[in-house]
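Everything below concerns the one structure shown next.
Note that this is a predicted model, so its numbers are computed, not measured.
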Amino acid sequence: MCCFSRPVRHVSETRIFARSMPDGQQVLVYGMNVSLDEDLAMVLPLPVAPGSGDDAVSFLDLSGYPKFFDDLGKSFPEIYLPARKGGVLSRLGDDRPALRVHPVGEFEASYVPTVGDFDRLDPRFRLPSTVWSALPQVRDHGFAVFKLRRPRGLLSWFRRLRTIHP
């Protein structure tokens, strides 16, 4: 499940690959098609060990491998039709450092260790605190936040729907 900081026109083809590694780490690759009218953030809750800190997540740029999910899918033949998919806390006077922003291909990413750290995220990409009170099942998660940009330029209206690279 992901959340968006602003309304989105359309999301489809959500694809997720997750794998435990021998060293205890986990790998998560996420891709989707999305139609945006403005810059916004996608927030992805991640199960992490409590107290993992600001560097519990590393971001890898897979923009050079846009066919990752296509290639992965060749190993798993479809045996059924895919189902249709449906549809900050703030602290005043806090001197904690802002969360790092990582360049990841055509977007930027930050890792938010806890719900209580969203106030350290760029204000444009925070979600209202009411979101977290309505989602108690993710209160103990960390969150990957990706800045997604709407298409720009003369033909941007025609290019609103786009595939986000893994």
**Message:** Between Val29 and Phe68, is the side-chain contact (heavy atoms from CB on, under 4.5 Å) condition met? List the steps.
**Reply:** CA-CA 9 Å; Val29 182; Phe68 174 86; 3.7 Å; yes

**Message:** Minimum heavy-atom separation for Leu28 and Ala18, please, with both atom names.
**Reply:** CD1-CB, 4.0 Å

**Item:** Minimal non-hydrogen separation, Pro113 against Leu99, with atom names
**Value:** CD-CD2, 4.0 Å

**Prompt:** Is there side-chain contact between Met42 and Cys3, with at least one heavy-atom pair below 4.5 Å?
**Reply:** no

**Asked** Is Ser63 reaching over with its side chain to a backbone N or O of Gly105, donor-acceptor style, under 3.5 angstrom?
**Response** no

**Glu108 vs Val101 side-chain heavy atoms within contact, under 4.5 Å** = yes

**Fill in**
Interatomic distance, OG@Ser5 vs NZ@Lys147, rounded to 0.5 Å, equals 10.5 Å

**Request:** Look at the side-chain heavy atoms of Ile, Leu, Val, Met, Phe, Trp and Tyr, link any pair under 4.5 Å apart, and say whether Tyr111 and Leu60 land in one connected group.
**Result:** no

**Request:** Taking all heavy atoms of Pro47 and all of His141, pick out the closest pair and write down the distance.
**Result:** N-CD2, 3.5 Å

**Asked** Distance-only, no hydrogens or angles: does the Arg126 side chain make a donor-acceptor pair with backbone N or O of Leu121 under 3.5 Å?
**Response** yes

**Message:** How long is the straight-line distance from CG of Leu62 back to CZ of Phe17, given to the nearest 0.5 Å?
**Reply:** 11.0 Å

**Request:** Would you name the heavy atoms of Asp61 and Val104 that are closest together and state the gap between them?
**Result:** CA-CG1, 3.9 Å

**Fill in**
Separation between CG (Leu44) and SG (Cys2), nearest 0.5 Å, reads 6.5 Å

**Request:** Take Leu36 and Arg9 through the side-chain contact (heavy atoms from CB on, under 4.5 Å) test and state the conclusion after the steps.
**Result:** CA-CA 6 Å; Leu36 308 175; Arg9 184 178 302 271; over 6 Å; no

**Asked** If every non-hydrogen atom of Ser133 is compared with every non-hydrogen atom of Thr130, which pair is closest and at what distance?
**Response** OG-O, 3.0 Å

**Message:** Hydrophobic cluster membership, with links at side-chain heavy-atom distances under 4.5 Å among I/L/V/M/F/W/Y: are Ile16 and Val34 in one?
**Reply:** yes

**Side-chain donor-acceptor contact under 3.5 Å, Tyr65 with Asp71** = yes

**Item:** Sidechain N-carboxylate O distance under 4.0 Å for Arg96, Asp119
**Value:** yes

**Asked** Does a side-chain heavy-atom distance below 4.5 Å link Val11 with Thr14?
**Response** yes

**Prompt:** CZ of Phe107 to CG of Asp39: how many Å apart, nearest 0.5 Å?
**Reply:** 14.0 Å

**Item:** Least distance between heavy atoms, Phe69 atom then Gly31 atom
**Value:** CE1-N, 3.7 Å

**Prompt:** Judged by modelled atom types alone, do Arg100 and His102 share a side-chain donor-acceptor pair under 3.5 Å?
**Reply:** yes

**Prompt:** Could you walk me through whether Asp54 and Arg120 pass the salt bridge (charged side-chain N to carboxylate O under 4.0 Å, His left out) check?
**Reply:** CA-CA 11 Å; Asp54 292 359; Arg120 299 170 51 207; 2.4 Å; yes

**Item:** Carboxylate-amine/guanidinium contact Asp70 Arg15, below 4.0 Å
**Value:** yes

**Request:** Mind checking the CD-CZ spacing from Gln26 to Arg19? Nearest 0.5 Å is all I need.
**Result:** 11.5 Å

**Min side-chain heavy-atom separation Phe146-Phe59 under 4.5 Å** = yes

**Request:** For residues Phe143 and Phe118, establish whether the separation of their ring centroids is below 6.0 Å.
**Result:** yes

**Request:** Show your working on salt bridge (charged side-chain N to carboxylate O under 4.0 Å, His left out) between Asp37 and Arg6 and close with a plain yes or no.
**Result:** CA-CA 9 Å; Asp37 290 331; Arg6 303 246 188 249; over 6 Å; no

